Amino acid sequence: METMELRFSEEQIMMRDMVRQFAREKVAPSVEDMETNETFPAAILKEMGELGLLGIPVEEEYGGAGMDFTSYIIAIHEISKVSAAVGVMLSVHTSVGTNPIRYFGTDDQKTRYLPKLASGEALGAFALSEPGAGSDAASLRTTAKRDGDDYILNGTKSWITNGGYADTYIVFAKTDPDAGKKGITAFIVEKDTPGFEVLAKERKMGILGSSTTGLAFEDCRIPVSQRLGDEGQGFAIALSNLDYGRIGIAAQALGIAEAALEHATAYAKERKQFGKAIAQQQGIGFKLADMATAVEAAKLLTYNAASRKDQELTTGIEASMAKMFASDTAMKVTTEAIQVYGGYGYTKDYPVERFFRDAKVTQIYEGTNEIQRIVIAGKLCKD
Ligand code: CAA
Ligand code: FAD
């Protein structure tokens, strides 16, 4: 496996500094409201759109910033240090809500949807999972039956990030239920389509500012012009975009872990017990050393996967490694951060309990870490 040199270009450094400032000045003040009232941060997304953050890798001809994948990963990383809820919205909107149209859309679909998605006028979502089909995504049961110039969709989706706030949903359905994985087709579904309904919001442990809902399709007519790719190409569209999407979740997990490390280090230097700062107690110092080492390793894996994408090298195995390792690191580091804070860490007066709750989901979505191991082992052992 090739390695990378973690040296950002001038453009990437400008992106990092701009997003860091935006997160501190514009996102941080809304965290309390997102946490207490589960408020969807519409105003923040609007500002992100104005700054070009919702179309970072989208080509300039479609109104995007036309920047590289690493710049996009930097943005998720920096935003997630302050709010993992906003981080996942950015990731889902771009990686799996917009990119499938960039990679598989017709010229007409690109012209119709990309400028709005890139500017933030429209928010994107991705609907693969169903109540009975999570890890085994190919067992999905939503159907799409051809009827003249339309398809008629019936079925239920679950766990849809940006549900209720998205304008377009990339929806996967079976056009040939007997053909298994090869019978799945992707569609672009617009929010106000008759027969399409957004179901109740999930009541979650963390990322409380992010909306997660089910979706229902009842005789929902979608014109053939909104089919994405060919009939039967849907599963490959889903999995290939998840390859890149998983690097975004790695960056989100990295942001959470790094924030927890920064807070725990500052607290340990300040908090005194037995006549000295707890950071000077070797037991706490060693904890911080282990946390910092894990964060550094997660950073290298994440940016290595991003750099490979920019170099047009394969990313499947590296994206899964980065997602798995960064999310496990986020869970370990946030758990230890609470320990460093002692009892105070267990309260909502300090941010580490939020980091801990937010970290957990990064081990679950975009393929659980067990699934990442299946992907890595499968690719390692392929003949
Ligand atoms: N790129 C392109 N095509 C691919 C591909 C890739 N990376 N991987 C597989 N395919 C295609 C191939 O065409 C393959 O066909 P062949 O047999 O001809 O090679 C076909 O897909 C089937 O591949 P598999 O046999 O490997 O499929 P599988 O049924 O064994 O499943 C799996 C593999 C890895 C378990 C897959 O089902 C999976 O990734 N599951 C997890 C689902 C998931 O990640 N869901 C995320 C939902 S989105 C989300 O959660 C959003 C959020 O973060 C907030
Ligand atoms: P299951 O697949 O039922 O898995 C249960 C447990 O069994 C897990 O630990 C799993 O790892 C394990 N397991 C399953 N199969 C195997 C195996 N073969 N070997 C070993 N262990 C196995 N989906 C979307 O399509 N779009 C979204 O926008 C989206 N956003 C989400 C947001 C949130 C907050 C959450 C929680 C989920 C979201 N998801 C989304 C769904 C997410 O991708 C699934 O939850 C995930 O893929 C796991 O599916 P499942 O929950 O059905 O668990």
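By convention here, the first residue in the shown sequence is residue 1. Keep in mind it's a predicted model, so treat the numbers as computed, not measured. Counting convention: from 1, in listed order, for ligands and their atoms alike.
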Do Lys191 and Thr168 pass the side chain to side chain contact (heavy atoms under 4.5 Å, CB included) test, and can you show the C-alpha distance, the side-chain angles, and the key distance before you say yes or no? CA-CA 6 Å; Lys191 67 173 176 183; Thr168 52; over 6 Å; no

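- Between Arg357 and Glu353 there is a salt bridge, with a side-chain nitrogen of the basic residue lying less than 4.0 Å from a carboxylate oxygen of the acidic one.
- In the vicinity of Thr161, heavy-atom distances shorter than 4.0 Å reach the ligand 1 atoms 54 (C).
- Within 4.0 Å of atom 12 (C) of ligand 2, not a single protein heavy atom is present.
- For atom 1 (N) of ligand 1, a protein heavy-atom neighbour is present inside the 4.0 Å cut-off.
- Heavy atoms of other residues, nucleotides or ligands lying less than 6.0 angstrom from CD of Gln12 number more than 12.
- Looking only at atom types and distance, the side chain of Arg221 has no donor-acceptor partner in the side chain of Tyr151 under 3.5 Å away.
- Close contacts of ligand 1 with Ala236, meaning ligand atoms under 4.0 Å from a residue heavy atom, involve 2 (C), 3 (N).
- Contacts with ligand 1 closer than 4.0 Å are made by side-chain heavy atoms of Phe126 only, the backbone lying farther away.
- Shown in contact with Val92 at under 4.0 Å from a heavy atom are these atoms of ligand 1, numbered in order with element: 52 (C), 54 (C).
- Of all the atoms in ligand 1, the ones that sit under 4.0 Å from a non-hydrogen atom of Lys182 are 13 (O), 15 (O), 16 (P), 18 (O).
- The proximity of Lys181 to ligand 1, defined as any non-hydrogen pair under 4.0 Å, is limited to the side chain.
- Under the ring pair (Phe, Tyr, Trp, His ring centres under 6.0 Å) criterion, Phe196 pairs with Tyr169, Phe217, sequence neighbours left out.
- Contact annotation for Ser91 and ligand 1: no heavy atom of the residue comes within less than 4.0 Å of the ligand.
- Looking at Thr368 against ligand 2, only its side chain comes within 4.0 Å, counting heavy atoms.
- Residues Asp176 and Lys181 are not paired through a salt bridge, judged by the lack of any N-O separation under 4.0 Å between the basic side chain and the carboxylate.
- When the shell of 6.0 Å around NZ of Lys26 is examined, it contains 12 or fewer heavy atoms from other residues, nucleotides or ligands.
- At a heavy-atom cutoff of 4.0 Å, ligand 2 is contacted by the backbone of Glu366 but not by its side chain.
- Taking every non-hydrogen atom of Trp159 and a distance limit under 4.0 Å, the qualifying atoms of ligand 2 come out as 23 (N), 26 (N), 27 (C), 28 (O), 29 (C), 30 (N), 31 (C), 32 (C), 36 (C), 37 (C), 38 (C), 39 (N), 40 (C), 41 (C).
- Between the side chains of Glu202 and Thr212, no donor-acceptor pair of N or O atoms lies under 3.5 Å.
- Proximity to Lys204 (heavy-atom distance under 4.0 Å) selects the following atoms of ligand 2: 34 (C).
- Counting the atoms of ligand 1 from 1 in the order shown, those under 4.0 Å from a heavy atom of Tyr365 are 50 (O), 52 (C), 53 (O), 54 (C).
- Note on ring orientation: taking the six-membered ring where Trp is involved, the planes of His263 and Phe355 are tilted (angle from 30° to 60°).
- Residue contacts with ligand 2, taken as heavy atom pairs separated by less than 4.0 Å, do not involve Asp136 at all.
- Close approach of ligand 1 to Gly134 (heavy-atom distance below 4.0 Å) involves ligand atoms 42 (C).
- Looking at Ser307 and Gln311, their side chains do bring a donor and an acceptor atom within 3.5 Å of each other.
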Could you go through residues 72-80 and list every donor-acceptor pair under 3.5 Å that involves a side-chain atom there, pairing it with any protein atom two or more places apart or in another chain?
residue : atom : partner : partner atom : Å
Tyr72   : OH   : Ser91   : O            : 3.2
Tyr72   : OH   : Ser95   : N            : 3.4
Tyr72   : OH   : Ser95   : OG           : 2.6
His77   : ND1  : Tyr303  : OH           : 2.8
His77   : NE2  : Glu258  : OE1          : 2.5
Glu78   : OE1  : Arg20   : NE           : 3.0
Glu78   : OE1  : Lys81   : NZ           : 3.4
Glu78   : OE2  : Arg20   : NH2          : 3.1
Glu78   : OE2  : Lys81   : NZ           : 3.3
Ser80   : OG   : Ile76   : O            : 2.8

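- For atom 43 (O) of ligand 2, a protein heavy-atom neighbour is present inside the 4.0 Å cut-off.
- At least one protein heavy atom sits closer than 4.0 Å to atom 54 (C) of ligand 1.
- Counting protein heavy atoms under 4.0 angstrom from atom 17 (C) of ligand 2 gives one or more.
- Annotation: side chain of Glu190 is in contact with side chain of Gln226 (closest heavy-atom distance under 4.5 Å).
- The aromatic rings of Tyr344 and Tyr267 are tilted relative to each other, their planes meeting at an angle between 30° and 60°.
- Heavy atoms of Val361 found under 4.0 angstrom from ligand 2 belong exclusively to the side chain.
- Residue contacts with ligand 1: Ser135 is included, with a non-hydrogen atom under 4.0 Å away.
- Ligand 2 has no nitrogen or oxygen under 3.5 angstrom from a nitrogen or oxygen of Val92.
- Heavy-atom proximity to Asp243, at under 4.0 Å, picks out these atoms of ligand 1: 7 (N).
- Taking a cutoff of 4.0 Å between a charged side-chain nitrogen and a carboxylate oxygen, Lys323 and Glu366 do not qualify as a salt bridge.
- If you check the side chains of Tyr341 and Glu336, you find no donor sitting under 3.5 Å from an acceptor.
- Under the 4.0 Å distance rule, the nearest protein heavy atom to atom 31 (C) of ligand 2 falls inside the cut-off.
- Polar contact with ligand 1: present for Arg246 (N/O pair, distance under 3.5 Å).
- Between Thr142 and Asn154, the side chains place no donor N or O within less than 3.5 Å of an acceptor N or O (distance only, hydrogens not considered).
- Close approach of ligand 1 to Val375 (heavy-atom distance below 4.0 Å) involves ligand atoms 34 (C).
- Residue Glu366 holds the heavy atom nearest to atom 49 (C) of ligand 1 of all those in Met89, Glu366, Gln233.
- Close approach of ligand 2 to Ile374 (heavy-atom distance below 4.0 Å) involves ligand atoms 17 (C), 18 (N), 19 (N).
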